[in-house]
Every structure is written in C-alpha cells, then in structure tokens.
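Just below is one structure, and these are the notes that go with it.
In what follows, every chain begins at residue 1, and chains take the letters A, B, ... in the order their sequences are listed.
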Amino acid sequence: MRPLTELETKTFFEKLAKYIGRNITHLIDRGDETYCFRLHRDRVYYVSESVMRKATSVGRDQLISLGICFGKFTKTGKFRMHVTCLDYIAQYAKHKVWIKPNGEMPFLYGNHVVKAHIGRVTEDTPEHQGVIIYSMTDIPLGFGVTARSTSDTRKMEPTAIVVFHQADIGEYLRQEDTLF
Amino acid sequence: MAGKPSNNKKGAKAASSPQKNNKRKVAAVEAPSKKAKVAPSKAVKSNGKKAPAKADSESEDDESWAYGAVSESESEAEEMDDEFVSAEEGSDLETGALGDDFLGDEFAASDDDEGGPGADLLGSGDDEEEEEEEDIFASNSEDSDDDDMETKSRKLDAAKKAEEEEAEAELQTNIMLENDKYVLPGDDHEALHSTDLQVVLARIQEIVRVLNNFREMREGNRSRNDYISQLLKDLCMYYGYNEYLMEKLFYIFPVSEAIEFFEANEVPRPVTIRTNTLKTRRRELAQALINRGVNLDPVGKWSKVGLQVFDSPVPIGATPEYLAGHYMLQAASSFLPVMALAPQEHERVLDMASAPGGKSTYIAALLKNTGMVFANDANKDRTKSLVANIHRLGVKNAVVCNYDGREFPGVIGGFDRVLLDAPCSGTGVISKDASVKTNKSEQDFQMLSQLQKQLVLSAIDSVDAGSKTGGYIVYSTCSVVVDENEDVVNYALKKRPNVKLVSTGLDFGKEGFTRFREKVFHPSISLTRRYYPHMHNMDGFYVAKFKKLSNKIPTKKADDGIDLDEEEEFTPITEDSGKRQRGKKTSAAAKAAVTEADEISFNADEDEELIRSSQAKLLQSQKGIKLRPKKAESSKESK
C-alpha cells in the first residue's frame, strides 16, 4: 500500500475526469474527514485516512482490500475503472442516461445500450463522453461512453447503439473472481 | 383398525413439541366445558369430519401426558425441560395416574357436557360463540331441522366415542405386544435390521412411545439403555447419520424432541433477506420486490431489517435490486450474533471469520459507515466473495484481511467489539448441507473445538476493555453440539477471569446448558442462547456475549498449570504465539530427561505409546486446519 506516483495520479485523474469532470475536487476536499487514494497491488483504493492508518498494521500479503476500490492499473500503465466505484462517481456524475425497465436486464448482462431502451438523457451530452447509467427508479446500474451526442441520437434508428457498455453491477456476479 | 399407524405418528410428533401441547392441555383441563360446548354444535353439520379430528386431539393429549410423567421420573436424563415439568406438575399429573384413566375422564367429561350445551344452544342461546358457530355452519337451515340433527348427531357421536375407546384400548394392548416383539434379544434384532424404512420408522415411533412413558411401558426388566441403543441404530439408518454424530445430537434433546430435530433437518429453512440500510429502507425494498412479483413478508417482530421470501418468479439473487446492493441473501439465524453484538457508531469492530460477509456488512450497516470494520477470513478464496459483498453493499469503512484468526491480537488489537462466528461442524445447518451427517468424525469435533477455544481466547484478547462504549465479544456457531458451544465458552471463562458473560439482548431462544451429561458448566452460561430448527424455524445456532472487564491477561505460569492439571486430552496450544509453545515443549522435554536420569531403564510399552501418540499428532497436524507454528514442528518431526 502506497500513495500514487505523479504519473499514476495523472492517468487516474484523467480517466476519472471523463465521468465526473471537475467534481474530483469534492472527492479530495471533503467536509467530514480527509480521504486519500492508495495503491495496493495495482488497484487504487479510496479510503479515509483514519481507516488507512489502522490498515497499515496489516501485512502486505494479508491485506486484501480497504475502503472502496476505484479500479486498477493495467500492465500497459492505463487505468481501468471498476464498477465498485459506481457509488462515488454516480454521486458526482455530470452526464446521465436513464434506461427503461425493459432495457435494464440486457444492460446488466453486459450489452450496450440501444436507442429503444433509453428513457431520458442529460441534454447536450457530447460524443464519447463518460456517462452513468441509471434505471428509471434512479438506481445506478453502471457506466459507459456515449456513441453519439444527444442531438445526433434523435435521428438514429431504435436499434442503434447509443451508449457503449463499460461496467455494470451485474459484474458482481459475472466477474467476482477477476474483479477482486 | 386402518387408522392406527397414522394415529400413532401424529401422536409421536405432537409429543415432541411439549410446550405447545402443554398449553393446549392446560387449557383443556381448565375449561373442559367450553371445549365440549363447541364440539357438538360443530357436529351438527359435519358428523363425518369431526370424529377423526377428535381422535387426533386425544392421542396428542395422551402423548403429552405421557411425556410429562417421564420427565418427572427421569429428570436427570432430561434436564432441559424444567419449565415443561413445572408447567405440567400442577395440572396434569394429578388428573391421571394412568393413561387410560385419564382418557376415560375426558370422555366422561365431554359426554356429560354434551347434553347440557346442546340444550343451551336451543333454549337460551346466550352463548355468543355458539351462535357464531351456528351462523357459519347452518346459515341456511331452520331451527326445527337442527333439533333433529342435533339428536341424531349426538347418538352418532356416542357411537363413535365408544368405538374410539375400544380402538384406543386395542391400540394400547397392541403396543405392548409390539414392544415384546421388537425389544426381544439379539437374534431378533438382526432379523429386523434388514427391513425397509417404513418398518424402521414404525419401530422408532414405538420406542419413542415407550421411552416417553418408561415406567409403565417398559418390557420386563429391560433397561432404558437397551431401548436407546436400538433407537439410535434405527435413527442412523432412517435419517442417514453416522453413529458418532447421531449419539452426539441425540442426547442434546429429550427423546421425542430429538426426533423432531432430525425431522426438521430434512426440510429446508425459508429464504430470508436482509435490507441494506446503507442504501434503502425495508418498506421501499419490499415494494420494489413486490413489483417484481416476489411474495414476501417481514421475518418477525425481532428484526426490523429481515424479510422472508416465500416464492419468487425471478431469481432472488440476481435482481437489479440485489446487484445494486439493496439487500443481502442471509439466513435468519445469522442476524442474531450481530444483533447481540449491537455495535455503536464510531466504534472499531473486528469480525474474525467473516466470509462471505453477511454479518460484516450488517455490522457496517449498524455503524452507518462510521468507525471501521475489520473483516478477516482465514481462507483466501473466500475473501473474494467477501470483498464483492462489501463493495456491492456500499461499505466504505472496511478493511479486509486474510489472517488465521489466532494471530489476532498480534496483528492489531484494541477493538471496541469483536464478533467471532467460529468455524464449526455445521450441525445446525444440516438442512443446507447434508454431507455433515456422514463426514464428521470424533477427530473433526476434537480439532474444531480446539480451534474454537484458541479463537475465542484471541478474540477476547483483541478487545480493549477500556473502550467507552464497547468491550464486548460475541461468540457464535452454527452448531448445536455442546462441545463447540457451552464447552468453549466455559473454557474461555476459566482461562480469562477478566471476562464475564452478559445477556445477549435477544428476547427469544433457549438458554444454554449449565450442565450436560457428565459436564457441569459455569452457572452464568444460562445467559447464552441456543436456537433450533424445529423450534424457531431457523438454522441451529448458538450465541454467547462476553463483556471484558480488564485488559490484564493471566500470566503464562498460571496458564501452564491449568493446562497440565485439567486439559490433558488436548495438546495445549492455547497461547497466542508459537514461541511460548515451543518454550514449553523444551521444558517438558527437560523434565522427561530428568525423570529418565532418575531411573535409567527401558519400558517398551511406554515407548510404544509415546511413538503412537506422536504419530497421531503428526497426522492431526497434516490433515485439515492449517496451523502455522504446528506445521513447522511437524516438518521438524518428519525430518
């Protein structure tokens, strides 16, 4: 467990900014407690300092997880967001997409979102923007990247893909072994 | 009579839930006239139906009475039903010294009354209950018809009664005969062994009847042991347990309750879920699931977060609500230790054996994501599901680690509360995992209880007694065996005089045993709670709550003394570190050397015994639970 290096911080924040923009500052300067990002075995964890201090007494091999895992660095040095950070990025998300009940299950099985399943979209979402996907009852289901801007989607066919799937909460079941 | 066997069966079952029966029984004795009053009016319309129902209740009554008599006379064998005995003493035992007498009384009573209430009904009609009955059953008939029917039905009733009495008498004599048949000596037993399960079941029921009224029903001078050993064999055969486990479980309960326990183990428990209060509320969750067509209900008054699922058109472990972490699939019994632990906000809590995280996440929910939760599990593979559940349910203050629980105060101590849901034989969850029936041997139990004793000491030592709000330890297992429960708690009390047992704060469950067969435990163990599948419709469970009074750990010297004096049967690895243990070994070796020097002679027998014991130890350390310091030793030995 160690703090992130400068390079790592840059890659990580760039990725994170795709979803929550400048709201990253809210994650770092919190009113209640100081929180920090820590790297442990390629994974980035977001955890309060008090918890982190206590966790230092656990050996490196025995420490499995602390706080909330945001994602991991791949072998090529890129950062990959995991669905586990959904709670936080949903809280600060800039652009959102709501999908209808009949689109919930296809998305939770790892499929892209087609136009027919879209219920609502944040206005003026640009192309290739990270978005959070909600059910119509406002339960965050996952996140992805838009394929077209909001204005473009109006002209598309109902079967066309609007949001590319990146992560969904179905992974808790499907990828339990590889995710953690 | 064709109805006989089924009658018997019902009787046996009824007898095995004593409290319920008692209540019924007492009520019946206190207000016989009421019962009798209602009965004939029912009979007006449903002559045919009435008779069998009545027969049932009679046989139940008979059984429950018989049961009471046994628990009076054989009180040392069935210590658990004190309440039962006390409830019984006043009302029943004076009523009938003989089963037949008692039955006779009841018949007489109801016969006498029958004329009366019938007249009442027609004459004054001031009894409201009767009027209601009348409305329900005879809303479209006229009064004059009723009169005719009434007399007819009374006649029919009388005839039925007589018939039943005869049948009952016949039954009694039959039983005696059957007793004679199957308890006769050895050869007959062998012959009976090969018979099919129906016969075995019948025999089980008969023996239970005999045991429940042993003084009256025993055959000649056969001892209780003869009956019990036959019963154990039959139970093993019928339910498929190995003999060792069967014997262990059988003696926990009174005879007929034991049968009910085994029966309950064949039926699955209801599916329950726990609302994750970090993300939603129970009412909202229930609404969301009902919209998906799930049929559910609150689990009971004792829990504000539990829901019981009756049936569901969708897989309950894969709904969007489940994936979003709004609830956790969790057995009702595993709510209990966390409720007993009752963590307060801003506390630091350790869950020593936490995978798959049902209890850890419940703790975090009660902490409302303040303070912190240390979730430990010794099995690295199982920590994956633990981490998944912690993330899914939105627990933000958890640290997951992978230690052997026994290393604990060494890793980090000073917790406000510790939950130890110890690894156990799983005799409480046989309905979930039937393999327990056959794969648990004496050695497994020894190993488990030793591990549990070590873990409970580590748990106690990990707590800070000076904590303002806490200082509590909860020990729980999903086993019903005394070796893993009361025995372990008793050991902890003996080894750590700085803890005491406190009330678990759970308002139901049976009290822990303060004595069991040859063992006598600390009286405060009655503060612990036991849960049974047949009694509470949840998994078999045990919960004990300790309060730590001071941080002083008793000195090593005193520890050793106790070990050598009292715990000879298990190798004392009770210390927290392997170092001390090794030190002790060498001292023991030195002692041996001294005695050797005193009398230099060879004793082949003694040597052989030593070799055998060390080999056994070696085997034990290789199989099953990993124990790091011990492993090192075993490798040394093998060299």
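- Residue B:Thr383 holds its OG1 atom at 11.5 Å from CD of A:Gln62, rounded to the nearest 0.5 Å.
- A salt bridge links B:Arg292 to A:Glu104: one of the charged nitrogens lies within less than 4.0 Å of a carboxylate oxygen.
- Within residues 366-373 of chain B, the residues that have a heavy atom under 4.5 Å from a heavy atom of chain A are B:Gly371, B:Met372, listed by number.
- Side-chain contact check for A:Ile139 versus B:Pro320: every heavy-atom pair is 4.5 Å or farther apart.
- When side chains are defined from C-beta on, B:Val400 does not count as touching A:Leu66, because their heavy atoms never get closer than 4.5 Å.
- Taking the side chain as every heavy atom from C-beta outward, A:Asp87 and B:Lys279 approach each other to under 4.5 Å.
- If you measure heavy-atom distances from A:Met52 to chain B, you find no contacts under 4.5 Å at all.
- For B:Ser385, the parts sitting under 4.5 Å from any heavy atom of chain A are the backbone and the side chain alike.
- By the 6.0 Å contact criterion, CZ on B:Arg269 is enclosed, its count of non-hydrogen atoms from other residues, nucleotides or ligands being greater than 12.
- From B:Asn397, atom CG reaches atom CD of A:Glu33 across 9.5 Å, with rounding to the nearest 0.5 Å.
- Highest contact tally toward chain A, considering only B:His326, B:Arg348, B:His391, is held by B:His391 [criterion: heavy-atom pairs under 4.5 Å].
- Within 6.0 Å of NZ in A:Lys72 there are 12 or fewer heavy atoms belonging to other residues, nucleotides or ligands.
- Smallest separation of non-hydrogen atoms from A:Lys54 and B:Phe374: O-CZ, 3.9 Å.
- Annotation: cation-pi geometry satisfied between B:Lys396 and A:Tyr88 (NZ/CZ under 6.0 angstrom from ring centroid, within 45° of ring axis).
- Other residues, nucleotides and ligands place no more than 12 heavy atoms under 6.0 Å from the CZ atom of A:Arg80.
- When heavy atoms are compared at a cutoff of 4.5 Å, B:Ala318 approaches chain A by way of both its backbone and its side chain.
- Pairing each heavy atom of A:Gly170 with each of B:Leu323, the nearest pair is CA-CD1, 3.8 Å.
- With sequence neighbours left out, B:Lys384 forms a side-chain contact (heavy atoms from CB on, under 4.5 Å) with A:Asp177.
- With respect to chain B, the highest number of heavy-atom pairs below 4.5 Å among A:Leu63, A:Val58, A:Asp168, A:Val47 belongs to A:Val58.
- By the neighbour-count criterion of 12 heavy atoms within 6.0 Å, atom CZ of B:Arg281 is sparsely surrounded, having that number or fewer from other residues, nucleotides or ligands.
- Atom CZ of A:Arg60 has 12 or fewer neighbouring heavy atoms from other residues, nucleotides or ligands inside a 6.0 Å radius.
- Atoms OH and CG, from B:Tyr322 and A:Leu108 in turn, are 13.5 Å apart once rounded to the nearest 0.5 Å.
- Residue contact with chain A, scored on non-hydrogen atoms closer than 4.5 Å, involves the backbone of B:Ala398 exclusively.
- Taking all atoms of both residues into account, the shortest heavy-atom contact from B:Gly317 to A:Leu173 is O-CD1, 3.5 Å.
- With a threshold of 4.5 angstrom between heavy atoms, A:Ser48 does not approach chain B through any atom at all.
- The contact between A:Cys69 and chain B is made by backbone and side chain atoms together, counting heavy-atom distances below 4.5 Å.
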Where do B:Arg392 and A:Ile169 land on the side-chain contact (heavy atoms from CB on, under 4.5 Å) test, with the steps shown first? CA-CA 8 Å; B:Arg392 184 170 61 82; A:Ile169 49 176; over 6 Å; no
